[in-house]
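Structure first, commentary second.
Sequence lines set the chain letters: A, B, ... in the order given, protein chains first and strands last, and positions in each chain run from 1.
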Amino acid sequence: MSVRDEFDAWAADGRDKGMEERHWNTAKHVLARLPVEEGDRVLDLGTGSGYALRALADSTGMDRGYGLDGAPEMARNAREYARAADPDADLGFVVGDFGSLPFADDSLDHAFTMEAFYYSGDPHETLREVARVLKSGGTFYCAVNYYEENVHSHDWQEHISVDMTRWGADEYRAAFREAGLHVAEQDNVADTEVDIPPAAEFPTDSWDTREAMVERYRELGTLLTVGVAP
Amino acid sequence: MSVRDEFDAWAADGRDKGMEERHWNTAKHVLARLPVEEGDRVLDLGTGSGYALRALADSTGMDRGYGLDGAPEMARNAREYARAADPDADLGFVVGDFGSLPFADDSLDHAFTMEAFYYSGDPHETLREVARVLKSGGTFYCAVNYYEENVHSHDWQEHISVDMTRWGADEYRAAFREAGLHVAEQDNVADTEVDIPPAAEFPTDSWDTREAMVERYRELGTLLTVGVAP
Amino acid sequence: MKESLLDIVCCPLDKHDLDLEVTEREAGEDGEITAGTLTCTDCGETYPIEDGIPNLLPPDMRE
Amino acid sequence: MKESLLDIVCCPLDKHDLDLEVTEREAGEDGEITAGTLTCTDCGETYPIEDGIPNLLPPDMRE
Ligand SMILES: Nc1ncnc2c1ncn2[C@@H]1O[C@H](CSCC[C@H](N)C(=O)O)[C@@H](O)[C@H]1O
Ligand SMILES: Nc1ncnc2c1ncn2[C@@H]1O[C@H](CSCC[C@H](N)C(=O)O)[C@@H](O)[C@H]1O
């Protein structure tokens with residue numbers, strides 16, 4: 001099944017909003033680290049509900065934001081939420097694929113992506129595309145919950161028809177460098193807010209032990225890799 | 001009074017250890033973000049007790065670490081602590097000044113500094129020196145508790161004879177860029193561990209209100225600016 | 001999509017500029033373009049704008 | 001300081017290489033140099049190594 005088929009269905013049954021709520025706990029900390037200046041242009045890859053751009057438009061002096069998504073229903077929802085939140089913000093949504101970005105060389109100051117990068121058909125090509133569209137000194141904030149060290153994510157592929165790439169932290173660093181990006185930072189951003197029930201309530205529907213849930217959210221959290229275009 | 005006079009006295013009365021203990025709460029989160037690879041060389045500016053290098057030697061595959069300090073007594077203590085912790089780690093300590101770094105061009109992979117940068121006689125010159133000694137793609141992790149937004153730090157200058165530079169977050173970003181470094185990240189790293197007494201115990205010797213103490217440690221914390229050499 | 005935002009949008013295939021043809025635009029000064037076509041100035045490939053959203057998928061992924 | 005670590009250490013003034021003269025070295029294979037002198041191959045300025053620590057302050061800051 002294609003990205004479009006899989007994720008249009010998600011958008012249609014409201015999972016865009018559900019993801020926003022869950023991902024926000026760590027995405028907000030990631031977004032707060034972006035050194036966005038007055039006048040900057042920001043790209044959000046796999047924008048989903050578009051929350052990242054709405055948040056940046058609200059909290060920074062950025063000039064414009066572009067949300068790219070392969071699923072037309074995602075882009076449609078994101079556009080509507082953005083217009084409802086602030087019709088004056090210069091946010092644009094486009095349908096497109098991670099493999100061939102429809103942006104000019106050296107045209108963007110920052111690229112962000114949350115829980116989307118690993119769906120790329122060819123992640124190495126996507127990194128080269130990101131390096132191409134970023135201006136010199138531009139940053140790429142790549143955040144994922146699905147990665148090698150997060151053993152609790154390993155079975156996610158079973159539930160989704162799109163192929164997922166499961167790199168470890170070191171593979172992210174190596175791939176960034178191979179694509180010509182400097183690696184500025186790597187970090188595990190903890191989700192300190194998700195509710196973890198008391199030990200007596202385990203096993204729950206999703207978790208065998210409280211320890212596993214603590215490790216997943218409070219320790220492993222979201223793997224962030226930050227690249228900089230030379 | 002000179003850096004040497006002021007800080008030799010601190011080292012002599014054990015304040016190097018006291019700072020290590022207080023600064024570690026946020027410094028450890030900063031150090032965890034450094035993308036240190038096998039074989040890397042790391043410089044610690046204003047190394048104090050040298051804890052940052054000991055931690056990196058212990059937790060990464062770095063090849064060597066250099067701790068520079070303007071106070072001979074600080075360097076002497078740092079060297080002793082390092083040899084006691086792990087005599088085989090390739091750590092070297094040198095007495096030197098932030099204004100004229102005794103390292104060859106493009107010779108280091110990362111530079112780190114905690115609570116020291118703002119003592120520089122000329123912080124712009126220090127940034128140019130850091131840009132000079134870093135290899136292309138090398139990172140500069142600059143962490144400070146004394147900065148404009150941290151209003152609780154504003155009176156620190158009264159207690160110390162060395163002139164301090166109090167920049168705001170935006171001034172750090174601008175100065176990094178002026179010195180030729182890309183700005184990859186800026187963040188406030190919270191100290192979630194320092195003990196904050198219950199409201200009834202305020203005012204304390206150091207804090208009028210609990211709110212002020214919460215703001216200082218849990219919200220403002222340590223200002224981190226990450227630069228990358230182009 | 002506002003017209004001003006289209007300046008850095010390009011052909012996903014060969015990264016050349018796109019020519020804009022507007023068929024529907026919202027009222028007002030910086031009214032969004034809701035329908036139209038983007039045509040690559042180099043390869044001639046066309047990309048539709050529908051409901052304010054340019055579809056810039058490579059043609060073979062458009063379904 | 002181990003001798004191997006000195007390879008990237010340079011004159012703080014003009015950033016030229018330094019010549020090493022050892023007056024005291026710890027026993028063992030990679031024994032630290034505990035006392036000696038570093039001399040700039042360009043300007044001739046000398047910098048002492050004392051107790052294993054090179055003092056590379058610019059001479060006018062040495063006190
Ligand atoms: N190859 C590809 N090209 C473009 N978008 C893709 C893609 N693969 C997946 N996506 C999009 O990436 C998104 C992943 S879900 C994450 C959405 C959002 N960033 C959030 O944090 O909630 C989906 O909206 C999906 O349609
Ligand atoms: N101009 C300068 N050149 C070199 N070292 C300096 C300096 N100004 C201050 N220092 C050193 O910077 C240190 C600041 S105290 C911080 C020490 C340590 N990084 C920690 O986090 O605890 C002191 O050891 C002081 O001697």
Side-chain angles (χ1 to χ4, degrees), chain B residues 1-5 8 11 40-43 47 50 53 62-80 82-83 87-109 120-122 125-126 128-129 132-135 138, chain D:
Chain B
M1 198 156 69
S2 70
V3 165
R4 174 185 195 133
D5 293 334
D8 268 352
D40 277 1
R41 299 165 181 185
V42 182
L43 171 62
T47 196
L53 295 177
M62 78 165 177
D63 180 41
R64 3 165 143 167
Y66 292 92
L68 177 139
D69 207 288
E73 291 305 321
M74 286 283 185
R76 189 187 304 267
N77 284 357
R79 177 169 179 268
E80 268 171 31
R83 281 159 68 94
D88 291 330
D90 274 346
L91 302 183
F93 295 90
V94 306
V95 175
D97 188 73
F98 294 166
S100 33
L101 300 181
F103 298 98
D105 299 6
D106 308 309
S107 61
L108 294 152
D109 298 280
S120 170
D122 179 347
E125 177 193 52
T126 297
R128 286 193 299 272
E129 277 289 89
R132 179 183 67 76
V133 301
L134 285 177
K135 298 181 195 173
Chain D
M1 179 107 131
K2 293 184 185 166
E3 183 165 348
S4 56
L5 293 187
L6 284 171
D7 56 355
I8 62 165
V9 170
C10 71
C11 176
L13 300 176
D14 56 32
K15 319 301 179 189
H16 278 90
D17 287 346
L18 299 168
D19 274 337
L20 169 67
E21 201 198 303
V22 180
T23 55
E24 199 180 287
R25 193 193 285 267
E26 285 178 354
E29 231 191 302
D30 199 12
E32 296 216 2
I33 296 160
T34 44
T37 306
L38 295 161
T39 306
C40 179
T41 54
D42 195 60
C43 70
E45 191 61 60
T46 61
Y47 303 92
I49 304 177
E50 284 166 19
D51 299 325
I53 298 174
N55 185 335
L56 291 151
L57 282 172
D60 64 342
M61 298 184 81
R62 232 183 265 162
E63 220 152 9

Using a strict 4.0 Å threshold on nitrogen-to-oxygen distance, state whether D/K15 and B/D105 make a salt bridge.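 No salt bridge links D/K15 with B/D105.
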Lys/Arg-Asp/Glu bridge criterion (N-O < 4.0 Å) met for B/R64, D/D7: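 Looking at D/D7 together with B/R64, the answer is yes, because their closest N to O distance falls below 4.0 Å.
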Please find the pair of heavy atoms, one from [X] and one from [Y], that lie closest to each other, and give the distance.
| X | Y | result |
| --- | --- | --- |
| D/I53 | B/V94 | CG2-CA, 4.0 Å |
| D/R62 | B/R4 | O-NH1, 3.4 Å |
| B/D97 | D/L57 | N-CD2, 3.6 Å |
| D/C10 | B/A104 | SG-N, 3.7 Å |

Please look at B/D88 and chain D and tell me whether the side chain, the backbone, both or neither of the residue comes under 4.5 angstrom of a heavy atom of that chain.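 Answer is backbone: N, CA, C or O of B/D88 sit under 4.5 Å from chain D.
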Please classify the contact between B/L108 and chain D as side chain, backbone, both or neither, with a heavy-atom cut-off of under 4.5 Å.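 Answer is side chain: those atoms of B/L108 sit under 4.5 Å from chain D.
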Measure the CZ-CG distance between B/F103 and D/L56 for me, rounded to the nearest 0.5 Å.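 Output value for this atom pair is 7.5 Å.
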Quick check against the 3.5 Å criterion: does B/Y66 have a side-chain atom that pairs as donor or acceptor with the backbone of D/V9?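 No: the side chain of B/Y66 does not pair with the backbone of D/V9.
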Side chain, backbone, both or neither: which part of D/E50 has an atom under 4.5 Å from a heavy atom of chain B?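 For D/E50, there is no contact with chain B at all, as no heavy atom is under 4.5 Å.
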Tabulate, in ascending numerical order, the residues of residues 33-46 of chain D having at least one heavy atom closer than 4.5 Å to a heavy atom of chain B, or enter 'none'.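 Hits under 4.5 Å: D/T34.
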Residue by residue, scan residues 71-80 of chain B and write down, ordered by number, those that have a heavy-atom distance under 4.5 Å to chain D; if none do, write 'none'.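 When heavy atoms of chain D are the reference, residues 71-80 of chain B contributes B/A75, B/R76, B/R79 within the under-4.5 Å range.
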